[in-house]
K.L.:
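Let me give you the structure first, and then I'll get to my questions.
Naming convention: chains lettered A, B, ... in sequence-line order (proteins, then strands); numbering from 1 in each chain. None of the values given here were measured: they were computed from a predicted structure.
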2 protein chains.
Amino acid sequence: MTRASSSPALAQTDQRLPLHARVKDDLIRRVRANEWGSTTPLPPESALAEEYGISVGTLRRVLAELAAEGLLERHQGRGTYVRRATFQHSLFRFFRMHGGTGQTPGSRILARNTQDAPAEVAKALNVEESSPVLHLHRLRLWDDTPFLVEDIWLPLPQFQPIANIALDELGSLLYPEYESRIGLIIGSATEELSVTQAPGEQAALLNCQAGDPLVRINRIARTHTGDVAEYRESYGLASSFRYQVEIN
Amino acid sequence: MTRASSSPALAQTDQRLPLHARVKDDLIRRVRANEWGSTTPLPPESALAEEYGISVGTLRRVLAELAAEGLLERHQGRGTYVRRATFQHSLFRFFRMHGGTGQTPGSRILARNTQDAPAEVAKALNVEESSPVLHLHRLRLWDDTPFLVEDIWLPLPQFQPIANIALDELGSLLYPEYESRIGLIIGSATEELSVTQAPGEQAALLNCQAGDPLVRINRIARTHTGDVAEYRESYGLASSFRYQVEIN
DNA sequence: AACAACTAAACCTTTATAGGACTAGACCTA
DNA sequence: TAGGTCTAGTCCTATAAAGGTTTAGTTGTT
């Protein structure tokens, strides 16, 4: 029950906290530091407990909490794994398309260029103003019907590979492309919803009147370590947006 | 480790489930049945464990899960309590008023009458169409500046006391009134956000142009037992609405 | 090559125990 | 009356142990 002698891994953590909290903090740190990919399991309970110099029961409590919070995934008989971000709760899910079931999603990149980061983009990406960024202008569709206009900004030179490849090689989903071409995994994001009125350009693309209300979603996407990797502004028809939340 | 003999309270639960899951289900049922108000504590761990015929460790696991899910609140040295709904996550929180800090919230009831429930309201309240309901038309303000127009429907005769009392006796918050005058506690709610354009009436009240985009929030509020107690439609200026969500 | 049986490794369930920390109220003292 | 001290009651931390279930792979048989 003494807190004097403990594993070196816990040296960095707050000594006033109970053991399980300190172990939890350290495990979060190690997950963020990408110590285990999402395909290699964490060491088994017994090994981790021994490593930290704590009992298996205490370690199990920590792992159960982290699983409940969605950071880890546990499978009886198989092991404990880092959970990939699922984006189950993205606001984008709430654009309800009229069509319904049998439709397929797609995307079309309308423009790709290198820019000096405008103030707003620089602030979101956490880079110097006017530093070079890659800009994508993109349309997202259901069965060739556009429902979302997107502007996406990526810091350079980090994302240079995305600037170089042929446009038709870019898949309809960008995050797998970041992962395969740059080895960068998006771990979390912040989205902000607001309502605007359609300027002429967006109105034409979305097939509505200039001035019609649009929902704007700004997303700042980050890696597991917390570094900002992408900033995007997406516009969709407000009339097809419906967001539900349970409160208590 | 046998599952044959167990507390009578568990007889109703699924015998194939592990003990902790069955106890959890039963505790949820008892909380919903209002067995403990939010001021009287649940029985202590030791008593509950004995009642269910399980060990304290297993019971603690269940209580910890329920606390993590927000159904219970635990206080070392004091006891375990049913948690009152906080509505921390209500969409209303995201109407950002320009003013800022030192302002005070208020509300003004513009109209109160008894109606035959319109189809939409009847469906939301889960009552027969054209059955009698109480309707409130209300303005919510910051420092006398209106920012939200609300229509509220309540089932009769249940809410008759609210129909009878003088309007100036109704406080600025309704849920405490339901609680003190009817003994009805709101336990959860579902909110749905959509965007509309202001009709003339709302525009005048909110001090904007007809046709300006409005955020509409429909809320269905329920008691702990799941019965619908209130339906409301609220309209606010879209330009002052900003909603943030963390995703992973 | 296909299938079944076995086995090791991993997580899961349940109980038990010893001691610690926090809270509210009772009691005592000034 | 005001303020401290004590104490019973309650939840919290940490460990230990015995047995169960699930998975993936290995081995053996046909």
K.L.:
Rounding to a whole Å, what distance do you find between B/Leu17:CG and C/dC12:C1'?
P.N.:
14 Å

K.L.:
Can you measure A/Glu50 atom CD to D/dA16 atom C1' for me and round it to whole angstrom units?
P.N.:
16 Å

K.L.:
With a 4.0 Å limit, can you tell me whether A/Thr58 has a side-chain N or O closer than that to the phosphate oxygens OP1/OP2 of D/dT15?
P.N.:
yes

K.L.:
Could you please name the option among C/dT13, D/dT15, D/dA14 that lies closest to any side-chain atom of A/Ile54?
P.N.:
D/dT15

K.L.:
What is the distance from CG of A/Leu59 to P of C/dC11, rounded to the nearest Å?
P.N.:
9 Å

K.L.:
Between B/Arg219 and B/Glu150, does at least one N-O distance fall below 4.0 Å, as a salt bridge requires?
P.N.:
no

K.L.:
Quick test of your reading: applying side-chain hydrogen bond (donor to acceptor under 3.5 Å, both in side chains), list the pairs with at least one residue in residues 162-171 of chain B, sequence neighbours left out, ordered by first then second residue.
P.N.:
B/Gln160-B/Asn164

K.L.:
By salt bridge (charged side-chain N to carboxylate O under 4.0 Å, His left out), which residues pair with A/Glu45, not counting sequence neighbours?
P.N.:
A/Arg60, A/Arg74

K.L.:
What does the list of N/O pairs under 3.5 Å between the protein and nucleotides 8-12 of chain D look like, with a distance for each?
P.N.:
unit_1, atom_1, unit_2, atom_2, d
D/dG9, N2, B/Gly77, O, 3.2
D/dT10, O2, B/Gly77, N, 3.4
D/dC11, OP1, B/Thr80, OG1, 3.2
D/dC11, OP2, B/Glu45, N, 2.8
D/dC12, OP2, B/Arg60, NH1, 3.0
D/dC12, OP2, B/Arg74, NH1, 2.8

K.L.:
Output all residues satisfying salt bridge (charged side-chain N to carboxylate O under 4.0 Å, His left out) with A/Glu73, sequence neighbours left out; order by chain, then residue number.
P.N.:
none

K.L.:
Looking at residues at least two apart in the chain, or sitting in another chain, which of them share a side chain to side chain contact (heavy atoms under 4.5 Å, CB included) with A/Gln76?
P.N.:
none

K.L.:
What is the distance, to the nearest angstrom, from the CG atom on B/Leu19 to the P atom on D/dT21?
P.N.:
13 Å

K.L.:
Taking atom C1' of D/dT13 as reference, at what distance in whole Å does atom NZ of A/Lys24 sit?
P.N.:
15 Å

K.L.:
Check ring pair (Phe, Tyr, Trp, His ring centres under 6.0 Å) between A/Phe159 and all other residues, then give those that pass, not counting sequence neighbours.
P.N.:
A/Tyr178

K.L.:
Send over the distance from B/Glu65 CD to C/dC12 P, rounded to a whole Å.
P.N.:
12 Å

